Number of protein chains: 2
Amino acid sequence: MADEVRTGVPRRGPTISDVASRAGVDRAVVSRILNDDPRLRIKPSTRERVLAVVAELGYQPNAAARSLRTARTRTIALLVPDFENPAYGQIIKGAETAATKADSALLTASMELGEESFEHYAKQLGNGRVDGLLLAGGGITGTREEHLDRLGPPWLCVNRTGPGKRRYVVLDDERATELAVSHLLELGHTRVAFLSGPADSDTAERRRLGYIAAMEAANLDPGFVAHGDYTADGGAAGMQQILAAKRRHTAVLVANVASAVGALYAARQAGVHVPDDMSVISIHDLSIAAFLDPPLTTVRMSLSGLGARAVDLLLTRPRNEEIREVLEQPIDLIIRESTAPPRR
Amino acid sequence: MADEVRTGVPRRGPTISDVASRAGVDRAVVSRILNDDPRLRIKPSTRERVLAVVAELGYQPNAAARSLRTARTRTIALLVPDFENPAYGQIIKGAETAATKADSALLTASMELGEESFEHYAKQLGNGRVDGLLLAGGGITGTREEHLDRLGPPWLCVNRTGPGKRRYVVLDDERATELAVSHLLELGHTRVAFLSGPADSDTAERRRLGYIAAMEAANLDPGFVAHGDYTADGGAAGMQQILAAKRRHTAVLVANVASAVGALYAARQAGVHVPDDMSVISIHDLSIAAFLDPPLTTVRMSLSGLGARAVDLLLTRPRNEEIREVLEQPIDLIIRESTAPPRR
DNA sequence: GACCTCTGGTCAATCGATTGATCACGGTTC
DNA sequence: GAACCGTGATCAATCGATTGACCAGAGGTC
């Protein structure tokens, strides 16, 4: 048992019986009124009397009792790898809005990749705590999938896919990278490097593929690919590799904004001027991008839209149906000052 | 009633009765074993048999049933104004860790300041959904406090205080600003401006007071105070005001990192070199601070520590006890390259 | 007057776990 | 052989809401 907690006696609010007796009706009547039971035939005056008592007492149906009876919790969980990353903040925001519309609450938790952490959440979320599970971020291997399936609630991966995955929603990262590359090519660049995310990240891989496809479509050789880790630190290290590569590049496509912050820093340290010596463009747009030095050109996709769509899919699709969705949404190029034509 | 949701039949897992009958004991035995009831006297062999069945079936006690019976949910809610702000991310992280240690889950929600939003959460969280409520961010006025009290669960403000508030935990913002100011004074600055947060923000006000106290303690006149809004946009605008002020300043203390990003941008735009023409220091340290141009000197406080402490207080203090705590924790000056002695 | 229908409700089982009260039984004590 | 004790459990009420089944009475129909 956990540490004893002494927050005093938990106070219970008024119950449906309180409302019923005060209004002089059966509990069933109260329940049916509040749930808009279509089979209920009742005098308008009785209905009003009941609603008046509900308002007077401030009655709220007890969530535990309700979900015990109905086997639904009106809560869904969203596991993210890192709350400090504003990109996940956007996903959470969108998910929350959608959950609210569906009259549900959102339970968020951060899941690191460790085994204990996974076990912990499996325990917390098992059996009746949530109606469904959204997994943003990686680490969902085959054995874990089975574990999740045994857990009970339906689940869905957000912005992660993979060969064996049956249920996921992702952004159209390939189209985003193609848009970024074509911007660079239109400016006249031909030697474009790619600063990727972690090697095991699925979004990073999809962005890499989009980059390669776009380069090859233009009959250009793909350039250097450096691996970062989606942090400013990793972005700085990746940029150093690119600057040290045998082949000189005139532009870099960076896989996310945090990495781009690091990449710009490393360029500055190396005395490489952006955009005159080197153009930098990033996938995703965050509010700080406009205030970097120089202001960062980005490709904007709606992460909040992704979060919202994930919730909708989770709540409306049958539990075992396959879901393999690439989100269709506008993808915009936000041109700022970190990209320019290459100096000849 | 909300939109009909058709995620198929909710699946129920094995119940305590399944375990009991399979192990050939009463349900009470299973319950007491799993809850370590000290009054339970039982044969070791029976205990093992029961635990074996629990493991075999993957039994998890149903959360709804348990909390219906015990009137405890082992869930606490944390309301934040903005998930995209990494500072709140840190608070969430700390709160989650502490909640996990107390064997509870953390339900997060973003609350905007609007009235509807408040009503909505009041409804969602009323009556038995959570054991307690943590409110990070503002907007808790007198009438809302009463509303919260009627709601049932105990609540606590995080990083917000105010004259009438009875229950809060805050960081020692005054000490942090004093540390920042004394760093600037030691470098030789005498004309130090303050770039604040929103006018109605309580942390911004405490930081302003700390700044004024520190200036006066050194027998210096406080300088210009510009109001931002804790975003990069607001920070840029604030910096412009400071640069346009009649009095010339040689240093600026900025109330948070997001504002500092904007302030550095505005200085750059105005051709003002940091730190040679103007030193900039910020309260709070975020991972991007080291990669800004120039790398930003900051004062570091542990927001995750704040989140964790808030959870502990909420769970362990009696529901009506006053809590007015200024968190004691190390506050560190992280000297980077945005501060330097003033040019004579 | 027997039968039916409609209105406006009521009754009671049920969801799954917890917990205070109770009990059967073998052994010990006096 | 009656009373008592400790061991190792069991019994049953309870938490609060939901929901299928049922029902009383008024009015209408043949």
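Throughout, protein chains are lettered first and strands after them, A, B, ... in sequence-line order, and every chain is numbered starting at 1. From a predicted model like this one, the values you see are computed outputs, not experimental measurements.
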Chemist: When the distance from CG of L40(A) to C1' of dT7(C) is rounded to whole Å, what number comes out?
Modeler: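 It is 11 Å, rounded to the nearest whole Å.
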Chemist: Any side-chain N or O of Y59(A) less than 4.0 Å from the OP1 or OP2 oxygen of dA17(D)?
Modeler: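 Yes, Y59(A) has a side-chain N/O under 4.0 Å of OP1/OP2 on dA17(D).
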Chemist: Starting at CZ of R47(A) and ending at C1' of dG9(C), how long is that distance when rounded to a whole Å?
Modeler: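 Result: 13 Å.
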Chemist: Tell me whether the OP1 or OP2 atom of dT18(C) has a side-chain N or O from N35(B) closer than 4.0 Å.
Modeler: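 N35(B) to dT18(C) OP1/OP2: side-chain N or O found under 4.0 Å.
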Chemist: Check side chain to side chain contact (heavy atoms under 4.5 Å, CB included) between A310(A) and all other residues, then give those that pass, not counting sequence neighbours.
Modeler: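 Partners of A310(A) by the side chain to side chain contact (heavy atoms under 4.5 Å, CB included) criterion, ordered by chain and then number, come out as L134(A), L156(A), V158(A), V169(A).
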Chemist: Using the salt bridge (charged side-chain N to carboxylate O under 4.0 Å, His left out) rule, collect all pairs that involve residues 76-96 of chain B, keeping only residues at least two apart or in two chains.
Modeler: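 Salt bridge (charged side-chain N to carboxylate O under 4.0 Å, His left out) check on residues 76-96 of chain B returns D82(A)-K93(B), E84(A)-K93(B), K93(A)-D82(B), K93(A)-E84(B).
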Chemist: Let me know the distance between CG of D36(A) and P of dT19(D), rounded to the nearest Å.
Modeler: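 Interatomic distance, CG of D36(A) to P of dT19(D): 13 Å.
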Chemist: Kindly write out the residues that satisfy salt bridge (charged side-chain N to carboxylate O under 4.0 Å, His left out) with E325(B), not counting sequence neighbours, or none if the list is empty.
Modeler: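 E325(B): salt bridge (charged side-chain N to carboxylate O under 4.0 Å, His left out) contacts with R309(B).
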Chemist: Output the rounded distance in Å from CD1 (I33(B)) to C1' (dG8(D)).
Modeler: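 Rounded to whole Å, this separation is 11 Å.
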Chemist: Remember a base hit wins even if backbone is also touched, and classify V25(A) as base, sugar-phosphate or nothing at under 4.0 Å, heavy atoms.
Modeler: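 It contacts sugar-phosphate atoms only.
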Chemist: What's touching nucleotides 12-15 of chain C from the protein side, N or O pairs under 3.5 Å?
Modeler:
residue : atom : partner : partner atom : Å
dT14(C) : O2   : R69(A)  : NH1          : 3.1
dC15(C) : O3'  : R12(B)  : NH1          : 3.2

Chemist: Side chain to side chain donor-acceptor pair (under 3.5 Å) with E56(B): which residues, sequence neighbours excluded?
Modeler: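 Expected list: R22(B).
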Chemist: T75(A): what forms a side chain to side chain donor-acceptor pair (under 3.5 Å) with it, not counting sequence neighbours?
Modeler: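 Listed in chain order: R129(B).
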Chemist: Can you list the residues that meet the side chain to side chain contact (heavy atoms under 4.5 Å, CB included) rule with A71(A), with sequence neighbours excluded?
Modeler: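 A71(A) satisfies side chain to side chain contact (heavy atoms under 4.5 Å, CB included) with P10(B), R12(B) once adjacent residues are dropped.
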Chemist: Counting the atoms with a prime plus P, OP1 and OP2 as sugar-phosphate, which does T46(B) contact under 4.0 Å by heavy atoms, base, sugar-phosphate, or nothing?
Modeler: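 Counting heavy atoms under 4.0 Å across all strands, the contact made by T46(B) is with sugar-phosphate only.
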Chemist: Please give, in whole Å, the distance from dA17(C) P to D37(B) CG?
Modeler: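 In whole Å, dA17(C) P lies 16 Å from D37(B) CG.
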Chemist: CD/Q60(A) to CD1/I16(A) distance, rounded to the nearest 0.5 angstrom?
Modeler: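 Those atoms lie 12.5 Å apart.
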Chemist: Axis-to-axis angle across the helix from dG1(C)-dC30(D) to dC30(C)-dG1(D), five pairs an end, to 10 degrees?
Modeler: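 For the helix from dG1(C)-dC30(D) to dC30(C)-dG1(D), the axes at opposite ends meet at about 70°.
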Chemist: Hey, what do you get for CG (L107(B)) to OG1 (T108(A)), rounding to the nearest 0.5 Å?
Modeler: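 One finds 7.5 Å between CG of L107(B) and OG1 of T108(A).
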Chemist: Please name all residues satisfying side chain to side chain donor-acceptor pair (under 3.5 Å) with R66(A), sequence neighbours left out, ordered by chain then number.
Modeler: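 Listed in chain order: N35(A).
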Chemist: For R39(B) and dT22(C), what is the distance between atoms CZ and C1' respectively, to the nearest whole Å?
Modeler: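 So the CZ-C1' distance, R39(B) to dT22(C), works out to 14 Å.
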Chemist: Would you kindly give the CZ-to-P distance between R72(B) and dA17(C), to the nearest whole Å?
Modeler: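 Between P of dA17(C) and CZ of R72(B): 18 Å.
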Chemist: Does D18(B) have any side chain to side chain contact (heavy atoms under 4.5 Å, CB included) partners at least two apart in sequence or in another chain, and if so, which?
Modeler: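 D18(B) satisfies side chain to side chain contact (heavy atoms under 4.5 Å, CB included) with P14(B), T15(B), L57(B) only.
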Chemist: For D18(B) and dA17(C), give me the distance from atom CG to atom C1', rounded to whole Å.
Modeler: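 One finds 13 Å between C1' of dA17(C) and CG of D18(B), rounded.
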Chemist: Roughly how far apart are D131(B) CG and I76(B) CD1, rounded to 0.5 Å?
Modeler: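 Going from the CG atom of D131(B) to the CD1 atom of I76(B) covers 8.5 Å.
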Chemist: Identify all pairs in which a protein N or O lies below 3.5 Å from an N or O of nucleotides 5-7 of chain D, and state each distance.
Modeler:
none

Chemist: Applying side chain to side chain donor-acceptor pair (under 3.5 Å), can you list everything that pairs with E328(B), at least two apart in sequence or on another chain?
Modeler: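 Partners of E328(B) under the side chain to side chain donor-acceptor pair (under 3.5 Å) test: none.
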